[in-house]
Undergrad: 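Structure incoming, see below.
Heads up: numbering here begins at 1 and tracks the sequence.
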Amino acid sequence: MPGFLTSLEAALGGPDAAWRRRLRRLGRPAWLAPFRTRPASDVWGLDRGMPIDRFYIERFLAEHRGDIRGRVVEMQDRRYTDRFGTGVERADVLDISPNNPLATIVADLTAAHAVPGDAFDCFVLTQTLQFIYDVHAAVREVHRLLTPGGVVLATVPAVSRLAPVYGLERDYWRFTPAGCRALFGEAFGTDAVTVCGAGNVRAASAFLAGLAVEDLSRATLDAQDDAFPLIVTVRAVKRADTRNVTAPA
């Protein structure tokens, strides 16, 4: 299939030596994955290496590790608190399931009324809101739980397969930067929210095809195209005076 591979090579960036090395390393099945009707992996590339969305999630958290301090709460486990936290005094894990042995707080994030407000300096909220139907209530609760000056570091998918663990019934949403600005702006105030898309069309296509970080070059991962975000990142700060929140127009 030399004609097909030559055309594919040109479409993917030209006949450079690095591209050829990657093609030999990965083998034809990996690069043909976007053209098949089944993905190369059914678990976001986890069985091949590091899922591509996690590259952007971890880069975002590393950039804001200074916010992960004091009393920190994270959803389901504390992996990112432990990895990226600086000056963490107490780490909590929030989960709706009482069967999670790591959970120190069992509560529904849309109605965590039993959890005192103004309690946390940082809320690590990665890849969670897509599984919550009432995202407006969830973000309001995140805002309530933070101390004045506290920070939420959130990521949400713009592009992703449906999560197998939740089936077709509980994976509700995909997000855009504009949607996240409005969603978090309603609770925190627009000027207290910083939203960015992360990724590009090749990274997004590879992620959908089940490829992993190891299947892509660093130049591909680092390329930024605001029209093709793979994930959306949100950093929002709770004002010291929450009475003056400015909702989006």
Undergrad: Taking salt bridge (Lys or Arg N to Asp or Glu O under 4.0 Å) as the definition, give me every residue that meets it alongside Arg170, ordered by chain and number, with sequence neighbours left out.
TA: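 Salt bridge (Lys or Arg N to Asp or Glu O under 4.0 Å) list for Arg170, sorted by chain: empty.
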Undergrad: Just to verify, what does Leu208 make a side chain to side chain contact (heavy atoms under 4.5 Å, CB included) with, not counting sequence neighbours?
TA: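 Leu208: side chain to side chain contact (heavy atoms under 4.5 Å, CB included) contacts with Val159.
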Undergrad: Excluding sequence neighbours, so at least two apart, what forms side chain to side chain donor-acceptor pair (under 3.5 Å) with Arg65?
TA: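 Per chain and number, Arg65 pairs via side chain to side chain donor-acceptor pair (under 3.5 Å) with no residue.
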Undergrad: Does Asp121 have any side chain to side chain contact (heavy atoms under 4.5 Å, CB included) partners at least two apart in sequence or in another chain, and if so, which?
TA: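 With neighbours one apart ignored, the set is Arg69, Arg71, Thr147.
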Undergrad: Looking at residues at least two apart in the chain, or sitting in another chain, which of them share a side chain to side chain contact (heavy atoms under 4.5 Å, CB included) with Ala111?
TA: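 With neighbours one apart ignored, the set is His113.
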Undergrad: Between the side chain of Gln130 and the main-chain N/O of Thr128, is any donor-acceptor distance below 3.5 Å?
TA: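 Yes: the side chain of Gln130 pairs with the backbone of Thr128.
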Undergrad: Taking side chain to side chain donor-acceptor pair (under 3.5 Å) as the test, write out the residues that go with Arg78, two or more places apart.
TA: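 Per chain and number, Arg78 pairs via side chain to side chain donor-acceptor pair (under 3.5 Å) with Asp82.
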Undergrad: Going by side chain to side chain contact (heavy atoms under 4.5 Å, CB included), name the residues that satisfy it together with Ala158, two or more places apart in sequence or in a different chain.
TA: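 Checked Ala158 against side chain to side chain contact (heavy atoms under 4.5 Å, CB included); matches are Pro229, Val232.
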Undergrad: Can you name the ring pair (Phe, Tyr, Trp, His ring centres under 6.0 Å) partners of His136, sequence neighbours left out?
TA: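 Scan of His136 (ring pair (Phe, Tyr, Trp, His ring centres under 6.0 Å), adjacent residues dropped) gives none.
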Undergrad: Would you find a donor on one side and an acceptor on the other, under 3.5 Å apart, between the side chain of Asn200 and the backbone of Ala223?
TA: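 Present.
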Undergrad: For a quick test of reading the model, state the closest non-hydrogen atom pair linking Ile68 to Val88 and the distance between them.
TA: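 Closest pair (atom of Ile68, atom of Val88, distance): O-CG2, 3.5 Å.
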Undergrad: Can you name the side chain to side chain donor-acceptor pair (under 3.5 Å) partners of Asp67, sequence neighbours left out?
TA: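 Per chain and number, Asp67 pairs via side chain to side chain donor-acceptor pair (under 3.5 Å) with Arg235.
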Undergrad: Phe60: which residues meet the ring pair (Phe, Tyr, Trp, His ring centres under 6.0 Å) condition with it, sequence neighbours left out?
TA: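 Per chain and number, Phe60 pairs via ring pair (Phe, Tyr, Trp, His ring centres under 6.0 Å) with His64.
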Undergrad: Name all residues meeting the side chain to side chain donor-acceptor pair (under 3.5 Å) criterion together with Asp134; count only those two or more places apart in sequence or in a different chain, and write none if there are none.
TA: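 Asp134 satisfies side chain to side chain donor-acceptor pair (under 3.5 Å) with no residue once adjacent residues are dropped.
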Undergrad: Taking only residues two or more places apart in sequence, or in another chain, which ones meet Phe131 in a ring pair (Phe, Tyr, Trp, His ring centres under 6.0 Å)?
TA: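 Listed in chain order: Tyr166.
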Undergrad: I need the Leu221 CG to Phe55 CZ distance, nearest 0.5 Å.
TA: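 Atom-to-atom, Leu221:CG and Phe55:CZ are 4.5 Å apart.
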